[in-house]
Colleague: 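Take this structure first; my questions come after.
This is a predicted model, so every value here is computed, not measured. Throughout, residue positions are numbered sequentially from 1 according to the sequence presented.
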Amino acid sequence: MKSVILSSVLPMAVVVSTTAGMAEKTFAAERDRKFFQSVEGEWVGPGEIVAGKYKGTKFTCNFTGSTPDGKIGMSLDGGCRVGMFTQQMSATIQHKGREGYKGSFMGGAAGSGLDIIGGNVVSANKVVFTINRNQLRGVMQALVPNDNSMTVTVAVRVDQQLVPVIGMKLKRVDTVEVGSIAPN
């Protein structure tokens with residue numbers, strides 16, 4: 001009798017636990033997708049280098065956020081201006097199945113930037129990615145507290161401590177016609 005009950009209950013328990021695991025992954029994928037969609041659009045705002053050789057350097061950035069068709073991820077493309085000089089900047093991140101999130105910041109470690117080697121969407125409004133270039137390790141965090149603002153922080157590991165290096169406070173901008181004159 002005991003084996004009959006076990007043979008009936010055991011397969012049902014496996015199905016329930018498998019279904020719960022799939023539902024959790026589906027929920028996480030949907031949460032991730034919603035976060036990345038919240039980054040779509042035009043962003044403008046100030047930033048500052050807060051540590052290192054260029055500490056205190058202030059800049060202004062313009063980015064366009066987009067999401068890839070049919071995939072979970074995002075791209076931020078644009079540039080940051082210091083005085084008369086503009087530096088093109090970009091970050092591209094995609095979910096790569098079992099590998100998790102992968103991508104590049106400023107062309108990746110093969111170029112002049114950093115590789116994004118992992119990370120996750122922490123909540124509906126926050127994502128943290130692990131960044132890497134040779135011996136340099138750190139994180140890039142984006143926080144979207146509401147529909148119209150985003151804070152991006154890049155921190156590197158120094159002596160087992162994360163030290164913020166770059167900070168940006170971006171605002172969503174709408175395309176608004178300027179200079180139009182109302183008819184009398």
Side-chain angles (χ1 to χ4, degrees), residues 25 28-29 31-123 125-144 149-172:
K25 285 180 184 177
R31 180 191 64 207
D32 291 10
R33 189 178 318 280
K34 283 183 180 181
F35 173 83
F36 293 127
Q37 287 172 342
S38 76
V39 176
E40 291 179 343
E42 302 295 320
W43 298 90
V44 174
E48 183 176 356
I49 298 174
V50 295
K53 183 177 178 180
Y54 299 105
K55 180 180 180 177
T57 302
K58 295 182 187 312
F59 50 89
T60 302
C61 299
N62 294 299
F63 294 112
T64 299
S66 61
T67 54
D69 290 335
K71 296 179 182 170
I72 298 174
M74 70 174 199
S75 290
L76 276 178
D77 290 309
C80 294
R81 183 174 42 83
V82 177
M84 296 179 1
F85 302 100
T86 299
Q87 171 69 49
Q88 293 299 314
M89 295 188 86
S90 66
T92 303
I93 299 112
Q94 278 190 15
H95 193 268
K96 303 283 187 178
R98 291 179 184 239
E99 293 179 50
Y101 285 101
K102 301 287 182 193
S104 64
F105 175 65
M106 299 288 295
S112 62
L114 302 158
D115 290 333
I116 298 170
I117 59 171
N120 60 37
V121 177
V122 177
S123 67
N125 63 349
K126 182 179 178 182
V127 67
V128 178
F129 294 111
T130 306
I131 55 178
N132 180 19
R133 180 183 176 97
N134 300 327
Q135 287 79 21
L136 180 68
R137 307 274 189 264
V139 297
M140 180 173 18
Q141 172 183 296
L143 177 64
V144 184
S149 64
M150 175 172 37
T151 304
V152 178
T153 306
V154 175
V156 296
R157 193 165 296 286
V158 178
D159 295 329
Q160 305 302 324
Q161 225 177 354
L162 279 174
V163 176
V165 177
I166 300 172
M168 292 178 264
K169 291 186 180 187
L170 306 170
K171 299 259 183 238
R172 185 182 303 277

Colleague: With a cut-off of 3.5 Å and sequence neighbours excluded, list every side-chain donor-acceptor pair involving residues 149-171.
Modeller:
| from | atom 1 | to | atom 2 | distance (Å) |
| --- | --- | --- | --- | --- |
| Ser149 | OG | Asn146 | OD1 | 3.1 |
| Ser149 | OG | Asn146 | ND2 | 3.4 |

Colleague: Check side chain to side chain donor-acceptor pair (under 3.5 Å) between Arg81 and all other residues, then give those that pass, not counting sequence neighbours.
Modeller: none

Colleague: If I compare all heavy atoms of Thr92 with all of Ile116, which pair ends up nearest, and what's the gap?
Modeller: O-CD1, 4.1 Å

Colleague: With sequence neighbours left out, what residues match Thr86 under side chain to side chain donor-acceptor pair (under 3.5 Å)?
Modeller: none

Colleague: So which pairs with a foot in residues 38-92 pass ring-ring contact (aromatic ring centres under 6.0 Å, His included), sequence neighbours left out?
Modeller: none

Colleague: List the residues meeting side chain to side chain contact (heavy atoms under 4.5 Å, CB included) with Ser38, not counting sequence neighbours, and say none if there are none.
Modeller: Phe35, Val144

Colleague: Please list, chain by chain and in numerical order, all residues satisfying side chain to side chain contact (heavy atoms under 4.5 Å, CB included) with Pro68, sequence neighbours excluded.
Modeller: Lys71, Gln94

Colleague: How would you list, by chain and number, every residue that makes a side chain to side chain contact (heavy atoms under 4.5 Å, CB included) with Ser90, sequence neighbours excluded?
Modeller: Asp77

Colleague: According to side chain to side chain donor-acceptor pair (under 3.5 Å), does anything in residues 125-134 pair up with another residue at least two apart or in another chain? List the pairs.
Modeller: Ser123-Asn125, Asn132-Arg137

Colleague: List the residues meeting salt bridge (charged side-chain N to carboxylate O under 4.0 Å, His left out) with Lys58, not counting sequence neighbours, and say none if there are none.
Modeller: Glu48

Colleague: Please report the interatomic distance CE(Met140) to CG(Leu76), rounded to the nearest 0.5 Å.
Modeller: 8.5 Å

Colleague: Considering only distance and modelled atom types, tabulate donor-acceptor pairs under 3.5 Å from the side chains of residues 100-115, sequence neighbours left out.
Modeller:
| from | atom 1 | to | atom 2 | distance (Å) |
| --- | --- | --- | --- | --- |
| Tyr101 | OH | Asp32 | OD2 | 2.6 |
| Lys102 | NZ | Ile117 | O | 2.9 |
| Asp115 | OD1 | Ala109 | N | 3.0 |

Colleague: Write out all pairs satisfying disulfide bond (SG atoms under 2.5 Å apart) with one or both partners inside residues 34-84, taking only residues at least two apart or from two chains.
Modeller: Cys61-Cys80

Colleague: Enter the distance from Lys34:NZ to Ile72:CD1 here, rounded to the nearest 0.5 Å.
Modeller: 12.5 Å

Colleague: Check side chain to side chain donor-acceptor pair (under 3.5 Å) between Glu40 and all other residues, then give those that pass, not counting sequence neighbours.
Modeller: Thr67

